Amino acid sequence: MHGAQLRVAYQGVPGAYSEAAAGKAYPKCEAIPCDQFEVAFQAVELWIADRAVLPVENSLGGSIHRNYDLLLRHRLHIVGEVQLPVHHCLLALPGVRKEYLTRVISHPQALAQCELTLTKLGLNVAREAVDDTAGAAEYISSNNLRDTAAIASARAADLYNLQILSSGIQDDSSNVTRFVMLAREPIIPRTDRPFKTSIVFAHDKGGTSVLFKVLSAFAFRNISLTKIESRPHRNRPIRLVDDANVGTAKHFEYMFYVDFEASMADVRAQNALAEVQEFTSFLRVLGSYPMDMTPWCPSRED
Ligand SMILES: O=C(O)C(=O)C[C@]1(C(=O)O)C=C[C@@H](O)C=C1
């Protein structure tokens, strides 16, 4: 994980949390800003970058669904994860007071993570979503907006010459975002340290009983699941089941994403997946990678 000279694509502008995640994952990397998540994927596919860093879930805001869909649409491999404590600040131009504000702008996840605190601060003003937290700070600065505040990092305040009106405004002090790192090639899985594996699967029929069977393949082998997520099955979102007597049932179809705590080099994981394959019509391993085991330090102010 020592990324000397490694080029790492992230979504956002300098000061975004994704840039900090790139620095945590690959301390000496060159971080490459991208407009959109999809551009970060393309940067790796086109050899403009060696890795992409992508937020997938936050402890308060939940999953970043767009990135689950992109993981499936592209063929990159997950080669690592980092969990980054996210400490949000309310930023405005120097001299602006809270009472002057008519609008707070930020990434939708950041707005969701600070929802209750904004209300407690008396900021019942318009909340508007933009592409990234640091981009919101830059926008206020470059347009000299005296009625607007941004939710972003303390580093964004420094970079875009804004003052911090309030710090630690996330609704929970242990607010953490989990990012995955993507590469063109998978890494070779090992068993000498804790590994996680991420898979995605779909099934043709069988409804919840298939899900139950898949999950038991892990449970019987004492493999813990750390995450399960479902997304619409884009190719076949609805399955119709006709019953001459009662009518037509319309079932929503899903792609299921599962993270489990084992390496693909572990024979238990290999056997579990062999069994899962029997129940599913589609199965892909998104990656088998070392777990982030860095010590817990939730917030800079704690
Ligand atoms: O906008 C940023 O700064 C980002 O890095 C994006 C993002 C996200 O997508 O969730 C990352 C971490 C925080 O949870 C808030 C926003």
Side-chain angles (χ1 to χ4, degrees), residues 8-26 29 31-41 43 49 51-71 78 80-91 104-118 127-142 148-160 162 164 166-182 227 229 231 257 292 294 297-300:
V8 183
Y10 70 95
Q11 191 260 337
V13 297
Y17 296 101
S18 298
E19 185 200 38
K24 181 177 176 187
Y26 304 107
C29 72
I32 302 177
C34 298
D35 283 354
Q36 302 294 335
F37 289 128
E38 183 135 40
V39 178
F41 276 85
R51 303 278 186 278
V53 166
L54 196 71
V56 285
E57 58 178 326
N58 172 268
S59 54
L60 280 168
S63 291
I64 294 143
H65 293 137
R66 167 101 186 119
N67 288 341
Y68 279 89
D69 297 341
L70 287 172
L71 280 171
I78 303 179
E81 67 167 6
V82 283
Q83 292 167 345
L84 186 82
V86 171
H87 185 88
H88 288 303
C89 302
L90 187 71
L91 311 181
V104 176
I105 59 173
S106 196
H107 186 281
Q109 269 283 340
L111 289 169
Q113 293 161 29
C114 303
E115 196 187 347
L116 302 176
T117 313
L118 287 182
R127 295 169 192 183
E128 282 176 26
V130 293
D131 281 344
D132 75 288
T133 56
E138 184 192 32
Y139 179 71
I140 290 175
S141 191
S142 53
T148 306
I151 299 173
S153 61
R155 182 170 138 76
D158 273 356
L159 288 173
Y160 305 110
L162 297 179
I164 299 178
S166 205
S167 136
I169 59 162
Q170 62 281 358
D171 291 342
D172 174 23
S173 64
S174 46
N175 186 31
V176 176
T177 300
R178 177 172 166 251
F179 295 79
V180 291
M181 288 93 82
L182 305 174
K227 163 101 188 174
E229 182 63 58
R231 296 290 301 144
Y257 293 75
D292 182 348
T294 49
C297 54
S299 158
R300 265 175 280 162

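Predicted model only: the values in this text are computed from it and were never measured. The figures here come from the full heavy-atom set of this structure, side chains too, leaving out hydrogens, waters and symmetry mates. Remember, it's 1-based here, ligands and their atoms both numbered in the order they're listed.
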**Student:** Could you tell me the residue and atom name of the protein heavy atom closest to atom 4 (C) of ligand 1, and the distance to it rounded to 0.1 Å?
**Tutor:** Ser18 OG, 3.6 Å

**Student:** For the CZ atom of Phe179 and the CD atom of Glu57, what is their distance to the nearest 0.5 Å?
**Tutor:** 11.0 Å

**Student:** If you measure every N/O of Asp132 against every N/O of ligand 1, is any gap under 3.5 Å?
**Tutor:** no

**Student:** Quick one: nearest non-hydrogen protein atom to atom 8 (C) of ligand 1, plus distance?
**Tutor:** His107 CE1, 3.5 Å

**Student:** Can we say Glu229 and Arg231 salt-bridge, meaning some charged N sits less than 4.0 Å from an Asp/Glu carboxylate O?
**Tutor:** no

**Student:** Provide, to 0.1 Å, the distance between atom 2 (C) of ligand 1 and the closest protein heavy atom, together with that atom's residue and name.
**Tutor:** Thr133 OG1, 3.2 Å

**Student:** Identify which one of Gln170, His88, His107 satisfies the side-chain hydrogen bond (donor to acceptor under 3.5 Å, both in side chains) criterion when paired with Gln113.
**Tutor:** His88

**Student:** Can you confirm, on distance only, whether ligand 1 has an N/O atom lying under 3.5 Å from any N/O atom belonging to His88?
**Tutor:** no

**Student:** Could you list the atoms of ligand 1 found under 4.0 angstrom from a heavy atom of Pro55?
**Tutor:** 8 (C), 9 (O)

**Student:** Looking at ligand 1, does any of its N/O atoms fall within less than 3.5 Å of an N/O of Gln11?
**Tutor:** no

**Student:** If you have a sec, work out which protein heavy atom is nearest atom 14 (O) of ligand 1 and how many Å separate them, to one decimal?
**Tutor:** Thr177 OG1, 2.8 Å

**Student:** Is there a polar contact between ligand 1 and Gln109, counting only N or O atoms under 3.5 Å apart?
**Tutor:** no

**Student:** Please determine whether any non-hydrogen atom of Gln113 lies less than 4.0 Å from an atom of ligand 1.
**Tutor:** yes

**Student:** Under the 3.5 angstrom rule, does the side chain of Ser153 hit a backbone N or O of Gly15 as a donor-acceptor pair?
**Tutor:** yes

**Student:** Do Gln83 and Asp292 have side-chain N/O donor and acceptor atoms under 3.5 Å apart?
**Tutor:** no

**Student:** Note the single closest protein heavy atom to atom 11 (C) of ligand 1, along with its residue, its atom name and the distance in Å.
**Tutor:** Phe179 CZ, 4.0 Å

**Student:** How many angstroms lie between CD in Glu19 and CG in Leu159, if you round to the nearest 0.5 Å?
**Tutor:** 7.5 Å

**Student:** Check whether any N or O atom of Asp131, backbone or side chain, sits under 3.5 Å from an N or O atom of ligand 1, and answer yes or no.
**Tutor:** no

**Student:** State, to 0.1 Å, how close Leu71 and Phe41 come at their nearest heavy-atom pair, and which atoms those are.
**Tutor:** N-CZ, 3.9 Å

**Student:** When you measure from the side chain of Ser141 to the backbone of Ala137, do you find a donor-acceptor pair of N or O atoms at a distance under 3.5 Å?
**Tutor:** no

**Student:** Taking the six-membered ring for Trp and the full ring for Phe, Tyr or His, determine whether the centres of Tyr257 and His65 are under 6.0 Å apart.
**Tutor:** no

**Student:** Answer side chain, backbone, both or neither: which part of Leu84 comes under 4.0 Å from ligand 1, heavy atoms only.
**Tutor:** neither

